[in-house]
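Worksheet: one structure, shown below.
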Amino acid sequence: MKILEIKGKDWMTGFSRQAGIATTGLFQSMYNFDPFENEGYLQPALAVTDLTAPATNPIKVITPIIDGTTPKFYAHSETKIYEYLRNTPYTQTDLTAQLDFTAATGVACAGAISWKGYYIYAQAGDLRSRAIPISGGSDVQILNGGDSSYQDIRPMCIGSDKNLYIGGWGNGAGGGLAKITSATGTAGNTLDFFGVDDGFTVRDIVNDGRYLVLIADNNHITTTSRVVGDYQCKVYFWDPVRALTTADVIYDIQDSYLIGAEIVDGKVHIFGYNGIYVCNSANAPQLIWSFLGNSTVTKRPISPYAITVGNGIIYWGDGGTNGQQVYALRGNVVYSPYQTHQGTTYHTALQFSANALLAGTTLPKMSINNIGSTRSNVTVLTTIFQLSQPHKLDFIKVTLKAPMSSGMEVDLSMFDSNGSLLKDSDSKTFAVVGAKKTLIFKPVGSSNTIKEFEDFYLTINPIGGAVIERVAVYATPSDDNSQMI
């Protein structure tokens, strides 16, 4: 009898909230798989393309620009700024000599944005501007007097009034907003324009069309010094056109600290230590994904500049040890479409640009995802499926989208909830089975393989461009009055 079938929309359910049971999604692991690229199929994502690596320090901010009609982007670290062509051959140009890297506090790049044809970048206590493209001449200071030398990240956002707002200036160490009306000098720019609660640090700013939405907490100012504890977190909905001294709406969030935010479909998505929250001006924050406990995805981004949005999808770079993955949230579906590297390094910057993702890591490294035609390898692990009685495996059938061709392979294995083998890894290659569209995997195993099971999960690995349409597991029930397992 058939005990499991995965096909069609099942591939689009994403990560389950926990590995031990299918809640929301059917998978406990699914790296290098974008379920919305070829909907209804298991197809490996496009392979990452590595660019010329930065020197010395990891990139903190990636900013897309247009130079005339040529798409480019700037990649800014504490010691360097590079210009890259957005398209092949992705030429790197070192522009470090064109900007100021002599910040007295040692934070030479705390944030950056493109605004009114200028590249605006923040240091710990200074805001500077340079015409785009960066070439010749010199930059100018457009704001000075930042409160804290500990401010290693300063968020930036263009308001509904078209002015630029910078977080972390004014109202005591780490708090408040600066308002920027001029990109060419200090005249008209205000250091302490709007203040959040005393002792709070603005972690990110987003524009919902009317309000500037500020997220803030009273944890340590420097992002690398934040710790888990009973700190306070707040969300402010402030109208820059009315420019009142208080926000129209303020929500509290019970979390250790907040990291960043993006807006999709009129909802503010807030990343905190505990997880991802959703709110708007009429609805208080609700936790929609947890990074804690037995969650299948526990990796947070390290800063707002490692979170980006494109085509209604929020992406974030893994900011933890072995932070190899780019994660995504589309609606309520969490998945991992790309793996930018292997090893112990992690993501420091991420930026969506014309259907591609630009990524910087601590290696340091720069890469671009979702381009070209070469496919990566993908291995998905299903969640654990529980049965109502013992079963013995008969066979597993895999149906491909198209018959196998040269270089294609499908590997499959099966385990119980304790990680014990139910079926050893088995490979079907084009060289052995030929141009087959359907593949049958029969029970094979060592002396350690368990013959009966009451729960199981699968590992599925299409290789060489194979695209899977359906997976079905067939097994025969056994007497429930047994202690054989």
Side-chain angles (χ1 to χ4, degrees), residues 8-9 11-15 24-25 27 30-49 51 61-66 71-73 75 84-88 90 113-114 156-158 204-209 213 259-271 276-280 288-289 297 299 301 303-318 325-340 347 349-360 366-376 378 467:
K9 292 183 178 180
W11 297 115
M12 301 164 61
T13 58
F15 282 101
T24 66
F27 304 97
M30 51 181 300
Y31 303 121
N32 278 333
F33 173 38
D34 182 349
F36 301 102
E37 180 189 5
N38 192 357
E39 294 184 356
Y41 298 92
L42 172 56
Q43 173 178 276
L46 292 168
V48 64
T49 297
L51 310 183
V61 186
I62 302 170
T63 307
I65 66 154
I66 299 293
K72 300 179 178 180
F73 65 91
Y84 289 85
L85 289 179
R86 165 58 182 74
N87 300 319
T88 185
Y90 310 107
I113 196 172
S114 172
M156 303 185 182
C157 184
I158 300 168
D204 204 4
I205 317 163
V206 290
N207 179 359
D208 74 356
V213 185
I259 302 168
E262 290 288 357
I263 294 180
V264 173
D265 296 331
K267 299 176 183 178
V268 184
H269 294 71
I270 300 168
F271 288 73
I276 304 173
Y277 304 84
V278 168
C279 68
N280 56 31
I288 62 166
W289 187 270
V297 177
K299 298 297 191 73
S303 85
Y305 293 106
I307 310 169
T308 187
V309 65
N311 295 333
I313 303 168
I314 297 174
Y315 300 92
W316 72 96
D318 183 342
Q325 313 303 330
V326 172
Y327 293 101
L329 174 65
R330 174 172 166 168
N332 292 321
V333 178
V334 176
Y335 56 103
S336 179
Y338 309 112
Q339 183 180 63
T340 59
H347 289 83
L350 195 69
Q351 179 64 56
F352 183 87
S353 174
N355 295 319
L357 278 174
L358 311 168
M366 276 296 305
S367 61
I368 184 168
N369 296 279
N370 200 34
I371 61 165
S373 58
T374 303
R375 293 284 166 181
S376 59
V378 58
V467 178

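- For the residue pair A356 and I371, the shortest heavy atom distance occurs at CB-CG2, 4.0 Å.
- Residues L51 and I368 are in side-chain contact: their nearest non-hydrogen atoms beyond the backbone lie under 4.5 Å apart.
- Partners of A328 according to the side chain to side chain contact (heavy atoms under 4.5 Å, CB included) rule, which considers only residues two or more places apart in sequence or in another chain, are I313, Y315, Y335, P337.
- By the 4.5 Å heavy-atom criterion applied to side chains, I113 and I158 are counted as neighbours.
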List the steps and the verdict of side-chain contact (heavy atoms from CB on, under 4.5 Å) for M30 and L42. CA-CA 10 Å; M30 51 181 300; L42 172 56; over 6 Å; no
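- Under the side chain to side chain donor-acceptor pair (under 3.5 Å) criterion, D34 pairs with no residue, sequence neighbours left out.
- Among residues two or more places apart in sequence or in another chain, the side chain to side chain donor-acceptor pair (under 3.5 Å) test is passed with S367 by none.
- Nearest approach of A359 to L350, heavy atoms of both residues: CB-CD1, 3.8 Å.
- Note: F27 and W11 have parallel aromatic rings, judged against thresholds of 30 and 60 degrees for the angle between ring planes.
- Of the possible polar contacts, one joining the R86 side chain to the A354 backbone as a donor-acceptor pair under 3.5 Å is found.
- For T63, the side chain to side chain donor-acceptor pair (under 3.5 Å) criterion is met by no residue, not counting sequence neighbours.
- Not a single salt bridge (charged side-chain N to carboxylate O under 4.0 Å, His left out) links D204 to another residue, sequence neighbours left out.
- By the side chain to side chain contact (heavy atoms under 4.5 Å, CB included) test, N87 is found to be paired with P71, residues two or more places apart in sequence or in another chain being considered.
- Side-chain polar atoms of N355 and N311 form a donor-acceptor pair below 3.5 angstrom.
- Two residues are said to be in side-chain contact when any heavy atoms from C-beta on lie closer than 4.5 Å; L357 and N370 fail this criterion.
- Partners of K299 under the salt bridge (charged side-chain N to carboxylate O under 4.0 Å, His left out) rule, at least two apart in sequence or in another chain, are D318.
- Taking D265 as the reference, nothing meets the side chain to side chain contact (heavy atoms under 4.5 Å, CB included) condition, with sequence neighbours excluded.
- Partners of R375 under the salt bridge (charged side-chain N to carboxylate O under 4.0 Å, His left out) rule, at least two apart in sequence or in another chain, are E37.
- Across all their heavy atoms, T340 and H347 have their closest contact at OG1-NE2, 2.7 Å.
- Heavy-atom minimum distance, S114 versus P64: CB-O, 4.2 Å.
- In terms of heavy atoms, V309 sits closest to I263 at CG2-O, 4.3 Å.
- Taking both residues in full, the closest heavy atoms of A261 and V268 are given as CB-CG1, 4.4 Å, listed atom of the first, atom of the second, then distance.
- By the ring-ring contact (aromatic ring centres under 6.0 Å, His included) test, F73 pairs with Y84, sequence neighbours left out.
- S376 contributes no side-chain N or O that, together with a main-chain N or O of P44, makes up a donor-acceptor pair within less than 3.5 Å.
- Looking only at distances, a side-chain donor or acceptor of S336 sits under 3.5 Å from a matching main-chain atom of V326.
- Residues forming a side chain to side chain contact (heavy atoms under 4.5 Å, CB included) with N332 (at least two apart in sequence, or on another chain): none.
- Evaluation of the ring-ring contact (aromatic ring centres under 6.0 Å, His included) rule for F271 yields W316 as partners, not counting sequence neighbours.
- Looking only at side-chain heavy atoms (C-beta outward), I288 and H269 come within less than 4.5 Å of each other.
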